There are 2 protein chains.
Amino acid sequence: MTSDAKLTIGTLSQRSGVAPSALRFYEDEGLIHSTRTAGGQRRYGRDTLRRVAFIRVAQRVGLTLEEIREALASLPERRTPTEKDWGRLARSWRPRLDAQIALLESLRDGLDQCIGCGCLSLKSCALLNPGDRAGAQGPGPRYLPLRNG
Amino acid sequence: MTSDAKLTIGTLSQRSGVAPSALRFYEDEGLIHSTRTAGGQRRYGRDTLRRVAFIRVAQRVGLTLEEIREALASLPERRTPTEKDWGRLARSWRPRLDAQIALLESLRDGLDQCIGCGCLSLKSCALLNPGDRAGAQGPGPRYLPLRNG
DNA sequence: CCTTGAGCTCAAGTGCACTTGAGGTCGCAG
DNA sequence: CTGCGACCTCAAGTGCACTTGAGCTCAAGG
């Protein structure tokens, strides 16, 4: 019977390791949902715990909250998501993870050759132009969340 | 004779692929330096090209501008840095790169086991607590620059 | 000399992911 | 029923890495 107990924001915060302010923020952003007590306080179903966990892991993988919201939107609305649902979502990260790992490995392996040799000053350097667009006037950098890095 | 030509900010921008505004910003932050013409315009030595290249690669590796400034501060002030100087700096990234790669790999390899099995909701999950601090109320996330991601 | 594109400064704005603070309310133990 | 810790809202602030805009000056070709 503990399975249908609702969680307060404080409890969810403790169990998930995510600050209450962040949980409210996630809710504003449509990433999680709550019911309210008569007095207006938030109450979360236990599946929210997994939802929050998913959000944090997805952030580590490099997704923005925007992307995570989109991913979560593909979950069933009517029923509590199953392990298969979560598994499917998580597996969609693989190409992204593989690409990131490949990038970092090429960076690591290229350091000695590339930096030492002087190509670091050339537009054609693979380290400098991993996206293959030499000198393109792109916008600012994107970020990869790296919690507890 | 091209080797001692000074670069304007526009030329440096084109050659490095970094916007003029960013170059001015880097200068404000002490990451690069310029001399000025009589009229007050910036002129950069050719070694600044390499310096800027270093900054961009360092960002991809995950360093903040603060950290990059510190790294650059260890370069000789009096002479133009040699390839050995740059190589030494770049090699200091290795442990960091290795750690990041290891993290992403554990994330990738843990996905199927972890997300499918339900531990995603537990504080002891390795994916959720890579820093080994379950439920610690850490500050906000850190970022890993991921240009052209 | 004149024009014009490139450059200058300084203040403010952007995007992301939150946190902080002020001022007030809820809900449960005693 | 009272106290007080947990919760509420809303606005503003934070940190990083820049970008944008206004208003003005410089430098090089014709």
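Chain letters run A, B, ... following the sequence lines, proteins first, then strands; residues in each count from 1. Only a predicted model underlies this, so the values are computations on that prediction, with no experimental measurement involved.
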Where along residues 21-33 of chain A does a heavy atom fall under 4.0 Å from DNA chain C? A:Ser21, A:Ala22, A:Phe25, A:Tyr26
Just the rounded figure in Å: distance from [atom2] of [N] to [atom1] of [X].
X	N	atom1	atom2	answer
B:Leu12	C:dA6	CG	C1'	14 Å
A:Glu66	C:dG15	CD	C1'	12 Å
B:Arg69	D:dG15	CZ	P	14 Å
A:Leu63	C:dC16	CG	P	14 Å

Gap separating the OG1 atom of B:Thr80 from the CZ atom of B:Arg50, nearest 0.5 angstrom: 10.5 Å
Enter the distance from A:Phe54:CZ to A:Leu31:CG here, rounded to the nearest 0.5 Å. 10.5 Å
Would you say A:Thr8 reaches D:dA6's phosphate, i.e. side-chain N/O to OP1/OP2 under 4.0 Å? no
Report yes if a side-chain nitrogen or oxygen of A:Arg36 is closer than 4.0 Å to either non-bridging phosphate oxygen (OP1 or OP2) of D:dT9; otherwise report no. yes
Between protein and nucleotides 23-30 of chain D, map the contacts as a letter string: B base, S sugar-phosphate only, - none, heavy atoms under 4.0 Å, written 5' to 3'. ---SS---
Suppose we screen for side chain to side chain donor-acceptor pair (under 3.5 Å). Which residues come up paired with A:Arg36, at least two apart in sequence or across chains? none
Check the pair B:Trp93 / B:Gln100 against side chain to side chain contact (heavy atoms under 4.5 Å, CB included), numbers first and verdict last. CA-CA 11 Å; B:Trp93 298 340; B:Gln100 277 174 31; over 6 Å; no
With sequence neighbours left out, what residues match [X] under side-chain contact (heavy atoms from CB on, under 4.5 Å)?
X	answer
B:Asp98	A:Arg108, B:Arg94
A:Ser92	none
B:Arg24	B:Ile9, B:Pro20, B:Arg42

Evaluation steps, side chain to side chain contact (heavy atoms under 4.5 Å, CB included), between A:Leu12 and A:Thr48: CA-CA 8 Å; A:Leu12 180 58; A:Thr48 307; 3.9 Å; yes
